[in-house]
Engineer: 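Can you read through this structure? Questions will come right after.
Here is the naming used below: chain letters follow the sequence lines, and residue numbers restart at 1 for every chain. Quick caveat: nothing in here was measured; it's all calculated off a predicted structure.
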Protein chains: 2
Amino acid sequence: MAKRMIPDIVIGRLPVYLRALGFLIAEGRQITSSQELGDRLGISSAQIRKDLSHFGEFGKQGTGYDINFLYEQLRTILKVNKMWDVVLVGAGNLGKAIADYGGFKGKGFHIQAIFDNKEDKVGKPMGIDNLVVQPTSELGETIKSRGIMVGIIATPAEEAQAVARTMVDAGVKAILNYAPITLTVPSNVRVQYIDPVVGLQRMTYYLPEK
Amino acid sequence: MAKRMIPDIVIGRLPVYLRALGFLIAEGRQITSSQELGDRLGISSAQIRKDLSHFGEFGKQGTGYDINFLYEQLRTILKVNKMWDVVLVGAGNLGKAIADYGGFKGKGFHIQAIFDNKEDKVGKPMGIDNLVVQPTSELGETIKSRGIMVGIIATPAEEAQAVARTMVDAGVKAILNYAPITLTVPSNVRVQYIDPVVGLQRMTYYLPEK
DNA sequence: TAGATTGTTAATCGATTAACAATC
DNA sequence: TAGATTGTTAATCGATTAACAATC
């Protein structure tokens, strides 16, 4: 079947499939099956086949999937076969770790500018590309002039909503938010949240009492 | 209604409710409603009431919820009214940012030990508590001797599965995994994943072509 | 009392799974 | 051919929502 209002939950699994395929490629494998992929990811083979069926027919009966082919197909579907320019706001401990992370390139993302409010951060080089940290006052202008659509927020919670607002006003359509706060954005803007405390608190319910 | 096989998806939202209630408290508010909470979080008021109804009756008709009371109830349900000891493995850029993060204490988590393989990391103090980084060879022993049940993995992907294995063998029941790989663990062990690349790739599908 | 908001029910909506014909 | 695995259908399962009696 062709492209027709794919459930968000399906889109959400594709990057995980993509990541697993990347490992298979690194292992030198050529062919895999929905069964093997499911076993590795802890989900059913039926779900993988159903998810993929939203976008086309990528496998061969009796054989399975060509790993490299499926990998490229998924990259195209997710639009990460091109590089997306990204702005990063927040140059503290977390921002630094993000700027130093080598895992974005090759996965479709390139941090093009870093911003911070603090005097002692601005003007200094940071991250794997040695980007000079700019004052946050320049955020909107930079986004607009470079047509950037993806932003990462790594500020304290108190500043996050204002930063999101500036990003959105300047044209950002996707925000990865590390600040521990739910952002209010227009419905045409996507937000993904990363909060380690939420992650941990989702598990303690299931732990035996100490 | 009382405690009786709560859906995991409900448990997953409680930390987000808790976080929002924390903000309301910080704002000095006393009372809120499922409507207000839902508006702030972008979910329906019905869902909030339904979620809470799994655990008891916390509100008052015509009035709403006492914020402090509900906050404490959720902390108790999630078992984050006590402190959980945590081990952190990986003392690179990311591990350092996690160790330096002040947001765990007060939310129920206390990093008690940090581990790394690298010679140049071991023996040095790190994080807000100035913990001396231990060699990863000591991980299992430390977990066992202190009865630790929560682990954070911030190693490269290649090392993550082995670390998870060691953690689980030593008694860890909840793992927050920053490494970009799906872990294989026994079904009685919970894992939460934090992968910024997956977060970003979940959004690009929806972006207009450049 | 009048207005507001809960907790809960029942209906709706959506996601997952089992099963199998098709076919490599 | 025999065995394996896909893509898809239909059934099942589970989650969300709308609506409202209860009641503060």
Engineer: Quick one: Asp51(B) CG to dG14(D) C1', roughly how many Å, whole number?
Structural biologist: 13 Å

Engineer: Nearest of dT6(C), dT16(D), dT17(D) to any side-chain atom of Ala46(B)?
Structural biologist: dT17(D)

Engineer: Report the nucleotide, chosen from dA15(D), dT6(D), dA18(D), that has the shortest atom-to-atom distance to any side-chain atom of Gln61(A).
Structural biologist: dT6(D)

Engineer: Counting heavy atoms not belonging to Gln30(B), are there more than 12 under 6.0 Å from its CD?
Structural biologist: no

Engineer: NZ of Lys50(A) versus P of dC20(C): gap in Å, rounded?
Structural biologist: 18 Å

Engineer: Considering only NZ, NE, NH1 and NH2 on the basic side and carboxylate oxygens on the acidic side, decide whether Glu27(A) and Arg40(A) come within less than 4.0 Å.
Structural biologist: yes

Engineer: Of Ser45(B) and Thr63(A), whose nearest nucleotide on DNA chain C comes first from the 5' end?
Structural biologist: Ser45(B)

Engineer: Does a nitrogen or oxygen in the side chain of Ser44(A) sit under 4.0 Å from OP1 or OP2 of dT17(C)?
Structural biologist: yes

Engineer: Rounding to an integer number of Å, can you tell me how far Ile31(A) CD1 sits from dT6(D) C1'?
Structural biologist: 13 Å

Engineer: Does Ser34(A) reach a base, just sugar-phosphate, or nothing at all? Heavy atoms under 4.0 Å.
Structural biologist: sugar-phosphate

Engineer: Could you tell me how far apart Gln47(B) (CD) and dA19(D) (C1') are, to the nearest whole angstrom?
Structural biologist: 17 Å

Engineer: Is any side-chain nitrogen or oxygen of Tyr65(A) closer than 4.0 Å to OP1 or OP2 of dG7(D)?
Structural biologist: yes

Engineer: For Leu37(A) and dA4(D), what is the distance between atoms CG and P respectively, to the nearest whole Å?
Structural biologist: 19 Å

Engineer: How about Lys118(A): does its NZ atom have over 12 heavy atoms from other parts shown lying under 6.0 Å from it?
Structural biologist: no

Engineer: For dA18(C) and Arg49(A) - does any side-chain N or O of the residue sit under 4.0 Å from the phosphate oxygens OP1/OP2?
Structural biologist: no

Engineer: Of the options dT5(D), dT16(C), dT8(D), whose atoms approach the side-chain atoms of Arg13(A) most closely?
Structural biologist: dT16(C)

Engineer: Which base sits across from dA10(D) as a Watson-Crick or G-U pair, both distances under 3.5 Å?
Structural biologist: dT17(C)

Engineer: Ion pair present between Asp8(B) and Arg190(B), side-chain N to carboxylate O less than 4.0 angstrom?
Structural biologist: yes

Engineer: Of all the heavy-atom pairs spanning Phe115(B) and Val133(B), show the shortest one and how long it is.
Structural biologist: C-CG1, 4.1 Å

Engineer: Can you tell me how far C1' of dT5(C) sits from CG of Asp39(B), to the nearest Å?
Structural biologist: 14 Å

Engineer: Separation of Ile11(B) atom CD1 from dA15(D) atom P, in whole Å?
Structural biologist: 12 Å

Engineer: What is the pairing partner of dT23(D), taking Watson-Crick or G-U wobble pairs with both distances under 3.5 Å in any strand?
Structural biologist: dA4(C)

Engineer: In this structure, how many angstroms lie between the P atom of dG7(C) and the CD1 atom of Ile48(B), rounded?
Structural biologist: 12 Å

